[in-house]
Amino acid sequence: MNRKNYAVMMALPGNEFSTSVVEGAAEAAKEVNANLLVFPNGILDANSPEFNMLYRYQYSTLSSFLGCKSIDGAVVEYGTINLMLNADAKRSYLSQIKGVPTVLLAEKAEGFPGVCFDNKIGIRKLVQHLVLDHGYTKIGFLSGAKDNTDAVARLEAFREECDNLGLAIGDDWIEYGNFTSEVSAQMAHLLGRHPDIQVLMCANDDMAIAACQFLRDMGKKPGEDIYITGFDDRVKSRLMRPSLTTIKADAAKLSYKALKAIDNNEDLFAIEDVPTEVMLRRSCGCQSRESDVEVEERFRIDALSKLEELEKDKAFMGEVEFVMKETLLHMDEAAGWSQAILKAFGRMGSHRSFLLFYDKPVEHKISDSWKMPEKLNLCASMIEDRFNYYEPGEKVYMTDELFRADFMDSTKAMTMLVLPVFFLEKQMGLIITECPIQFVQFAFPMGSMISNMIEMIHTQQENKRIQAELVSANQAKSQFLASMSHEIRTPINAVIGMNEMIKRESTQEEIRGYSADIGSAASNLLGIINDILDFSKIESGKMTIIPVPYHLGNTVKSLFKQLSFKVIEKDISFELNMNEDLPAILKGDDLRIKQVITNLLSNAVKYTDSGKIILEVNGKLVENGLILHVAVKDTGIGIREEDMKKLFEKFERVDETRNRSIEGTGLGLSIVSGFLHLMGSELRVKSEYGKGSEFYFDLFQEIEDATPLRSYVSKEKRHGSEGRIKYIAPGARVLLVDDNPMNRKVIKNLMKNTQVVFDEATNGKECVEKYANDKYDVVLLDHLMPIMDGIEAINRIKELPNYEKGKPPIVALTANAISGIEQKYKDAGFDTYLAKPVLPAVLDEMMVNMLPNVEFLKED
């Protein structure tokens with residue numbers, strides 16, 4: 001015959017009253033050989049964010065168990081629920097459990113049987129003892145709230161017995177409040193009206209303990225100046241000094257009597273209430289028939305024993321929680337954390353534990369429509385230390401029959417806890433586990449902890465997934481940028497190269513003017529592409545700073561000269577203020593410094609239509625180097641205060657309406673900030689709207705040569721003006737490999753007057769064949785080509801008998817200007833690389849260094 005399943009709904013597992021309810025029910029279940037399923041809530045604070053969720057869990061889960069007849073009877077700790085739920089919620093809740101034998105504890109509701117405390121006996125005996133045995137006549141009463149039926153019943157018993165004894169206790173001797181939170185105000189009011197009060201009776205033990213503390217704060221001695229009596233007989237109240245005289249309300253007797261009545265099929269409406277008892281102790285001089293010493297010793301030993309047991313259990317549970325938490329933190333797979341959860345309950349003495357998941361997460365709502373699924377997916381089980389994990393696809397179900405299984409060890413006072421597993425404010429499933437009585441109050445918080453652990457594991461897994469997606473997206477972005485760089489730079493290479501030939505060969509001023517416009521447009525387009533690529537490198541963390549010695553004066557003056565032609569187009573003046581006492585040769589990343597200053601000057605030119613722009617370069621000598629100060633000042637449109645925060649945002653333009661005609665990506669200042677951050681500096685701004693702006697930075701640079709700029713004579717060779725080198729290399733042979741005929745034409749035309757002999761190939765396969773059968777001084781080898789690309793070609797060249805590293809130099813031609821490309825080509829075997837679009841000055845310098853028999857020519 002299957003054992004019956006009885007349920008206990010308790011509000012606070014850590015509360016001694018609720019724990020006593022479970023103890024009494026478990027004892028009754030053991031006697032009748034039945035299973036006991038405990039549905040705890042665990043939250044007392046109605047303001048807690050978990051309050052509604054947990055009450056809805058308890059409400060809907062228990063009512064569904066009851067509704068599907070998995071439960072043969074229920075004991076509901078209704079007194080606490082009465083404090084938590086409003087009238088409508090209580091009625092809705094109780095309507096769910098009709099049809100199942102149910103007894104409410106500690107408070108009755110219309111239409112439902114209940115068993116309460118008979119406060120009259122205990123309170124009357126205590127009043128009799130205080131008045132008849134000790135002659136006290138000035139007795140105050142701290143009551144609960146006026147609408148709390150149990151508090152009202154206690155107060156009525158007090159009034160009735162006082163009347164019976166002829167003791168006139170008016171309303172001015174009574175204070176109403178909400179348990180401990182209002183005791184101080186109650187005490188102050190009562191003592192204000194009756195400073196000569198002798199005894200204070202409290203509606204429960206928490207109020208009595210709070211009252212004792214209030215008296216001490218007032219400088220009075222509880223038990224001497226005013227005697228205190230309480231209710232419930234908690235362990236804490238037993239250890240009060242002086243000891244409290246309490247009225248004992250045995251909650252275990254409530255649940256024991258209720259469950260036994262259900263099992264015996266008694267008339268539940270006829271259950272008699274449980275009488276309370278007076279526990280006489282030394283407080284207020286009250287004494288029992290035993291001697292003071294005997295009473296005190298008995299209570300002391302009993303209380304200390306319970307406290308020691310409690311502390312021992314707490315220590316053990318702390319260990320269990322720690323082990324489980326540490327285990328869960330390092331387990332990503334469901335089987336891992338499922339085992340950790342169930343083993344944790346095994347450490348508490350559980351022989352059987354089950355982890356159940358719903359097919360879909362449940363959002364709890366207090367309504368009549370929601371029902372727990374008839375079948376629950378069994379995720380994992382632990383029976384006698386044997387762990388089983390079931391994959392979601394296996395669909396192993398736990399049906400109603402499971403709850404009729406022989407769970408409980410008939411030799412032990414065990415209960416079955418039904419705990420929720422929440423995730424993202426939805427209930428994912430349940431944990432049903434055996435739990436020894438002494439661990440009930442600790443076990444429920446583990447349900448919340450498990451939910452937190454699952455959420456944390458999910459977050460970790462989600463972060464890993466997001467990280468993987470970011471890596472994949474970053475790779476896709478890099479691939480796109482590489483492709484974009486190649487596809488756009490290739491035609492720009494042709495535009496810039498052929499335009500250079502027009503500029504060199506045309507003698508017509510009008511044509512040369514057109515050429516200048518084409519060059520300017522191509523330069524702007526190339527600048528936009530470079531901005532996007534630079535920003536991508538900075539954002540991905542792949543931008544590197546490479547410090548090299550550089551000439552400060554030459555660097556600044558070349559930038560100033562490059563930007564001067566843009567200023568000529570506007571009615572503004574352009575000034576350079578550079579301290580000639582600064583050291584001439586510094587060490588830093590001059591390329592990035594040039595980009596920073598160029599961006600700042602370009603912005604100044606864009607946003608200044610009249611007045612002037614000043615480039616200021618100064619510095620301060622410090623130990624081991626120089627703090628270089630660079631400022632760009634303009635008399636342009638300025639920046640509004642509210643737009644300042646947009647300055648360094650990517651793709652943002654300030655004062656968009658006013659500046660809509662100004663070209664640019666909105667990346668300039670973001671790139672500047674990124675470069676300066678990498679170099680250990682930051683960009684600062686001063687601006688006044690309508691009057692102008694100043695952008696400046698301070699950057700530490702090492703000093704390579706401290707000779708002042710005014711005294712420094714450059715040791716570098718000069719080959720003509722403006723960086724142009726005129727040379728010839730008679731008889732030099734270059735193998736030019738590129739599948740794009742326009743690219744080949746550009747390079748040949750740029751070297752048209754150098755007397756270099758070109759041999760051409762259109763793919764890597766032709767390149768290898770020509771290399772094997774001829775001798776060249778330089779090989780210009782494109783990377784991306786059909787049939788055979790440049791990387792494969794150089795690998796084949798390395799296998800040829802006539803290959804000798806570095807002879808001839810092999811240069812990678814590439815339109816890919818992404819981060820790390822130079823190292824990639826060097827690792828592949830190239831000596832260096834030449835980026836497209838090919839700049840004439842860069843090509844000239846490379847060829848001068850690589851070709852044999854170079855002769856420099858004078859400028860015409």
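What you see below is based on every heavy atom in this structure, not just the backbone, and it leaves out hydrogens, waters and symmetry mates. Residues: numbered from 1 along the sequence shown.
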Exercise for the section: Kindly write out the residues that satisfy side chain to side chain donor-acceptor pair (under 3.5 Å) with Asp273, not counting sequence neighbours, or none if the list is empty. Expected result: none
Practice task
Could you list the residues that satisfy side chain to side chain contact (heavy atoms under 4.5 Å, CB included) with Leu215, not counting sequence neighbours?
Solution key: Met187, Leu191, Lys220, Pro222, Ile226, Ile228
Completion exercise
Residue set satisfying side chain to side chain contact (heavy atoms under 4.5 Å, CB included) with Ala153, at least two apart, ordered chain then number -> Asn119
Exercise for the section: Only counting residues at least two apart or in another chain, list the ones meeting salt bridge (Lys or Arg N to Asp or Glu O under 4.0 Å) with Glu277. Expected result: Lys253
Handout entry: Partner set under side chain to side chain contact (heavy atoms under 4.5 Å, CB included) for Val152, not counting sequence neighbours
Key = Glu156
Practice task
Starting at OG of Ser350, measure out to CD1 of Ile432 and round the result to the nearest 0.5 Å.
Solution key: 11.5 Å
Practice task
Check the side chains of Glu77 and Ser18 for a donor-acceptor pair under 3.5 angstrom, ignoring hydrogens and angles.
Solution key: yes
Exercise for the section: Kindly determine whether Val115 and Val274 satisfy side-chain contact (heavy atoms from CB on, under 4.5 Å), including the steps that lead there. Expected result: CA-CA 7 Å; Val115 54; Val274 176; 4.2 Å; yes
Exercise for the section: Report the residues that fulfil side chain to side chain donor-acceptor pair (under 3.5 Å) with Thr276, sequence neighbours left out, ordered by chain and then residue number. Expected result: none
Handout entry: By ring pair (Phe, Tyr, Trp, His ring centres under 6.0 Å) - contacts of Phe141 (at least two apart)
Key = Phe158
Exercise for the section: Consider only side-chain N and O atoms of Glu160 and Asn164, and report whether a donor and an acceptor are under 3.5 Å apart. Expected result: no
Handout entry: Donor-acceptor contact present, side-chain Thr246 to main-chain Lys248, <3.5 Å
Key = no
Handout entry: For Asp267, side chain to side chain contact (heavy atoms under 4.5 Å, CB included) partners two or more places apart
Key = Phe269, Ala270
Problem - For Tyr256, side chain to side chain donor-acceptor pair (under 3.5 Å) partners two or more places apart - result: Glu31, Lys260
Handout entry: Whether Asp72 side chain and Asn5 backbone form a donor-acceptor pair below 3.5 Å
Key = yes
Listing, residues 169-176 side-chain donor-acceptor contacts under 3.5 Å, not counting sequence neighbours, or none:
unit_1: Asp171; atom_1: OD1; unit_2: Arg159; atom_2: NH1; d: 3.3
unit_1: Asp171; atom_1: OD1; unit_2: Arg159; atom_2: NH2; d: 2.8
unit_1: Asp172; atom_1: OD2; unit_2: His194; atom_2: NE2; d: 3.1
unit_1: Glu175; atom_1: OE2; unit_2: Arg193; atom_2: NH1; d: 3.0
unit_1: Glu175; atom_1: OE2; unit_2: Arg193; atom_2: NH2; d: 2.8

Handout entry: Residues forming a side chain to side chain donor-acceptor pair (under 3.5 Å) with Asn265, sequence neighbours excluded
Key = none
Completion exercise
residues 195-214 vs ring-ring contact (aromatic ring centres under 6.0 Å, His included), sequence neighbours excluded, gives none
Handout entry: Side-chain heavy atoms of Val131 within contact of Val127, under 4.5 Å
Key = yes
